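Remember, it's a predicted structure, so these values are computed and weren't measured experimentally. Side chains are part of it too, since the values below use all heavy atoms of this structure and drop only hydrogens, waters and symmetry mates. First the proteins, then the strands, lettered A, B, ... as listed; each starts at 1.
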Amino acid sequence: MDDDDRRLLEGSVRHACESSSGAALDLALDELGWHEALSADPSVAVSILFDQLGRTNAHGSALDTVLGFGLGRKSSSSVGGVLPALGDWLAPGLIVGGDLVIRGVGTASLVDRTTALVVAGSGARHLVLEVTTTDLSFRSVHGVDPQLGLVEVAGDGVPFQAQHDLGGGEWPRAVGVAQLAVAHALVGASRAMLELARGHALERIQFGQPIAAFQAIRHRLADTLVAIEAAEAALGSAWDEGSPAAAATAKAVAGRSARTSTRHCQQVLAGVGFTTEHQLHHYVRRVLVFDQLFGTTRTLTRALGQELLATRQLPPLPPL
Amino acid sequence: MELDGFRSSLDDWLAQNLDELTPVVGTVDTLDGQMAQLAKVKRLTYAAGWMRWGWPPRVGGLGGSTLLRAYLGEALTFRDLVEPGFYSMTEVLAPTMIDYAPPALAAEMVPRLLRGDETWCQGFSEPGTGSNLAALSCRAARDGDVWRVTGQKVWTSLAQYADRCVLLTRTGTPESAHQGITALFVDMDSPGIDVRPIETMHGAPEFSEVFFDDVAVPLDRTLGQEGQGWSVAMDLLPFERSTALWHRATYLHRRLQGLLEIVPADRLDPVAVGEVTQLLYALRSRSRATQHRLAAGDRLGPETSVDKVLLATVEQAVFDLVADGLGPEVTVGDDRESDRWRREFLYSRAATIYGGTAEIQRNIIARRLLDLGSGR
C-alpha cells in the first residue's frame with residue numbers, strides 16, 4: 001500500500017471509529033474497504049484499525065475477523081468466531097473422547113450470527129470447526145468494561161461440522177496476528193491517555209503555574225511516552241519478523257506500556273481522572289480487558305522466561 | 001554496496017580472520033589492552049575496506065549507506081572483538097568533523113580515526129557544568145591567529161590516550177549561555193594540557209580530568225563558526241544517543257546470552273528473565289528504526305532521548321539480572337570471568353548518568369517531544 005492509500009485508509013477508519021461503534025462500525029468498515037485492505041496489506045490494515053479502536057474506545061467484531069484471517073478464513077456476516085478464554089492463548093475448544101468442550105469469549109455480534117468458528121485442540125492437532133450458535137450458551141459480560149460488549153461463550157458436547165485440520169504452526173501464527181492487533185489497541189489507548197493527561201497538565205494551574213511546569217509531572221509524562229514508543233517499536237519489528245514469539249513479546253511490551261501509561265496518566269489527572277465526568281476511566285477499564293486477551297503481560301512474560309531458562313538460548317535479534 | 005551483500009561478505013571475512021582479530025585471553029583485562037585491541041581491529045578492518053564503508057569519499061570513505069557501518073559495529077561487538085563504548089566514539093566524533101571541520105582538516109584527520117592510528121576525545125563536561133552544559137566556562141580568547149584556552153574539563157573519556165579533542169569553549173561573555181560557545185579541534189600534545197585519569201568504582205580509569213593552561217589552538221582548528229558550538233554539540237549528542245546505542249544493544253544481548261549459558265536455573269525468576277528479554281527486544285527495535293531514519297537522511301534530534309532512556313533502563317535491568325543470577329560471582333568471585341561480570345555490573349550503574357542523565361533525557365522529552373513548555 002502506498003503512502004497516499006495508507007493516509008486515505010487511516011482517515012476513513014478514524015472517521016468510522018469516531019462516529020460509530022458495534023454493528024454500525026462493522027458495517028462502516030465493510031463499506032470503506034477495510035476487509036480488502038486486510039487481505040492486501042495486513043500490517044497496515046490491522047495497525048490502523050486497532051490503533052483507532054484503542055484511541056476512540058469504539059468496539060466491533062474486528063478481532064474475530066483478524067483471528068479468522070490468521071486462520072485463512074474470510075469473514076462473513078453470518079459467521080463469527082470464538083476467542084480464547086480470558087488470560088489465555090490456548091484454543092477455546094477441546095475435543096475429548098469425541099466430545100467438543102468450548103470455553104472462550106466472543107465479541108458482542110457473535111450472539112447474532114448463525115455459525116461460529118471454533119479452533120479446538122485434539123491431541124497434538126488443532127482443528128477448525130463450525131458450530132451452530134444456538135448450541136452454545138452465552139453470558140453477556142458486564143464486568144469492568146460493560147461498554148466493550150464481550151460475551152462469555154461455553155458449550156459441552158457441542159455438535160460440530162466442517163473439520164479442517166490446521167498444520168502445526170497455523171494456530172500460533174493466527175494467535176500472533178491477534179496479539180499484534182490487541183497490542184496496537186493497547187498502544188492506541190495509551191496514546192489517548194497521554195493526550196488527556198498532557199492537556200490537563202497544561203491547563204491545570206496550581207501554585208500559580210500549570211502543573212506541566214513541575215518536574216514530577218513532566219517526568220511521569222516523559223516515561224509514558226518512552227513506554228509507548230518502546231511498544232510501537234517492538235510492534236514494528238514483530239510485524240517484520242512475522243514470528244509468533246515476536247508477536248507475543250510485542251503484546252507483552254504493549255501491555256506493560258499500557259499499565260505504565262495508566263498509572264502515570266491517572267496520577268497526573270488526579271481527582272478529575274477518578275470521576276466518570278472525565279473520559280479517562282473508559283481507557284483504564286478497556287486496557288485491563290485488552291491485557292487479558294490472547295495472553296496477559298505476566299503469563300506471556302513468564303512463558304518466555306521459562307523457555308529461555310530451559311533452552312538457554314536467546315531468540316536472535318531482529319536484523320538491521 | 002547493499003546491506004545484505006555487505007553483511008554476508010563481512011561475516012565471511014570475520015570468520016576467516018577471527019583468529020587474528022580475537023584478543024589473546026587476558027590481554028584485554030586492562031584499559032591499555034582494550035585500547036590496543038581496538039586499534040588493531042580498526043587497522044585490520046580499515047585495511048580490508050570494511051571500516052571505510054558508510055563514510056563519504058571526501059574523508060577517505062567508500063560511500064554507501066550508514067547502515068553498513070552500523071552493521072560493522074554490531075558484527076564486531078557481537079563477536080566480542082571490541083569494547084562497544086570505545087568503538088562507537090568514532091561514530092560520535094567523525095560525523096561532527098565531517099559536518100563542521102574545514103574540509104581539508106576533515107579529509108586529513110578522519111581517516112586517522114577510522115584507521116585506528118589515533119584516539120580522539122570529547123571535552124564537554126566541566127566540574128561546574130554537568131547537566132547544565134550551556135553554562136560551561138572553559139575559556140578561549142582570540143590572540144592573533146590562535147585561540148588561547150584556559151579552563152578545566154572532566155569525565156573526558158579516554159583523554160589519556162587521545163591525540164585530539166573536540167572541545168567546547170566559552171568565547172562569549174560568561175552570561176552568553178548557549179550563544180557564546182565555540183567548538184575547537186585541539187591537539188592533545190599541545191603545551192599546557194594536563195590529563196589526570198579518574199579512578200572509578202568499576203576499576204578502569206577511562207575518564208579523566210583535563211586541565212588547559214593558556215593552550216594555543218590555531219584559528220583554523222575552529223569547528224563551525226565562532227559562537228556555533230552549541231549547534232555542534234546539539235548535532236553530536238544525537239549520535240551519542242543513536243549509533244552508540246545500537247552497538248550497546250548488541251553488547252547487552254551478548255552478555256544476557258552469556259548469563260543464560262552459566263546461571264543456575266533456581267537463581268532466576270522466569271518472569272524477570274522474560275521481562276528483560278522483552279525490554280531488550282524493544283530497545284533493539286527502537287534503535288533499529290533510528291538507524292533506518294539516519295540512513296534515510298533524517299536529521300536526528302531530541303527523539304533520540306527516548307532511545308537513551310530505553311538503553312539506560314535495559315542496561316541496568318540486564319545487570320540487575322546478572323547481580324541476582326551470579327550473586328556469588330559478582331560479590332566474592334576473584335577469577336577473571338567473575339571480575340568481568342563485576343566490572344560490567346558496576347559500570348551499568350552509570351548508564352543513567354553518562355551521555356546526559358536520565359533526568360536530563362526526561363526533561364528533553366517533556367520540553368521537545370511533549371511540548372510541555374519550559375520548566376525543570
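In terms of heavy atoms, Pro270(B) sits closest to Arg302(A) at CB-O, 4.0 Å. Residues Ser285(B) and Ser237(A) come closest through the heavy atom pair OG-OG, 2.7 Å. Residues Gly274(B) and Leu304(A) approach most closely at O-CD2, 3.7 Å, considering heavy atoms. Between His292(B) and Leu320(A) the shortest heavy-atom distance is NE2-O, 2.5 Å. Nearest approach of Tyr281(B) to Pro318(A), heavy atoms of both residues: CE1-CG, 3.7 Å.
Side-chain N/O atoms of Gln257(B) and Arg312(A) include no donor and acceptor closer than 3.5 Å.
With a 4.5 Å cut-off on non-hydrogen atoms, Leu225(A) touches chain B through its side chain but not through its backbone. Residue Leu256(B) touches chain A through both its backbone and its side chain, counting heavy-atom pairs closer than 4.5 Å. Using a 4.5 Å cut-off between heavy atoms, Leu372(B) touches chain A through backbone and side chain atoms alike. Only the side chain of Glu241(A) comes within contact range of chain B, judged by heavy atoms closer than 4.5 Å. Both the backbone and the side chain of Val263(B) come within contact range of chain A, with heavy atoms under 4.5 Å apart. Residue contact with chain A, scored on non-hydrogen atoms closer than 4.5 Å, involves the backbone and the side chain of Ala265(B) alike. When heavy atoms are compared at a cutoff of 4.5 Å, Leu202(A) approaches chain B solely by way of its side chain, counted from C-beta outward. Heavy atoms of Gln278(B) lying under 4.5 Å from chain A belong to its backbone as well as its side chain.
Here the side chain of Arg288(B) pairs a donor or acceptor atom with the backbone of Pro319(A) at under 3.5 angstrom. For the pair Arg198(A) (side chain) and Leu370(B) (backbone), a donor-acceptor distance under 3.5 Å is present. Side-chain N or O atoms of Arg284(B) include none that pairs as donor or acceptor with a backbone N or O of Leu317(A) at under 3.5 Å. No donor-acceptor pair closer than 3.5 Å links the side chain of His253(B) to the backbone N or O of Pro316(A). In terms of modelled atom types and a separation under 3.5 Å, the side chain of Arg218(A) and the main chain of Gly373(B) share a donor-acceptor contact.
Highest contact tally toward chain B, considering only Glu232(A), Glu307(A), Glu229(A), is held by Glu229(A) [criterion: heavy-atom pairs under 4.5 Å]. Among Ala233(A), Ala246(A), Ala250(A), Ala310(A), the residue making the largest number of heavy-atom pairs under 4.5 Å with chain B is Ala233(A). Residue with the most contacts toward chain B among Asp240(A), Leu235(A), Thr297(A), Leu300(A): Asp240(A) (heavy-atom pairs, distance under 4.5 Å).
Here the side chains of Leu260(B) and Gln313(A) are not in contact, with every heavy-atom distance at 4.5 Å or above.
Proximity to chain A among residues 70-82 of chain B is limited to Ala70(B), Tyr71(B), Glu74(B), judged by heavy-atom separations below 4.5 angstrom. Residues from residues 348-359 of chain B that place a non-hydrogen atom less than 4.5 Å from a non-hydrogen atom of chain A comprise Glu359(B), given in numerical order. Taking 4.5 Å as the heavy-atom cut-off, the residues of residues 299-315 of chain B that approach chain A are Val306(B), Val309(B), Leu310(B), ordered by number.
Salt-bridge annotation for Arg256(A) and Glu275(B): present, with a side-chain N of the basic residue lying under 4.0 Å from a carboxylate O of the acidic one.
Other residues, nucleotides and ligands contribute at most 12 non-hydrogen atoms within 6.0 Å of the CZ atom of Arg259(A).
Residues meeting the side-chain contact (heavy atoms from CB on, under 4.5 Å) test with Pro315(A), sequence neighbours left out: Leu308(A), Thr277(B).
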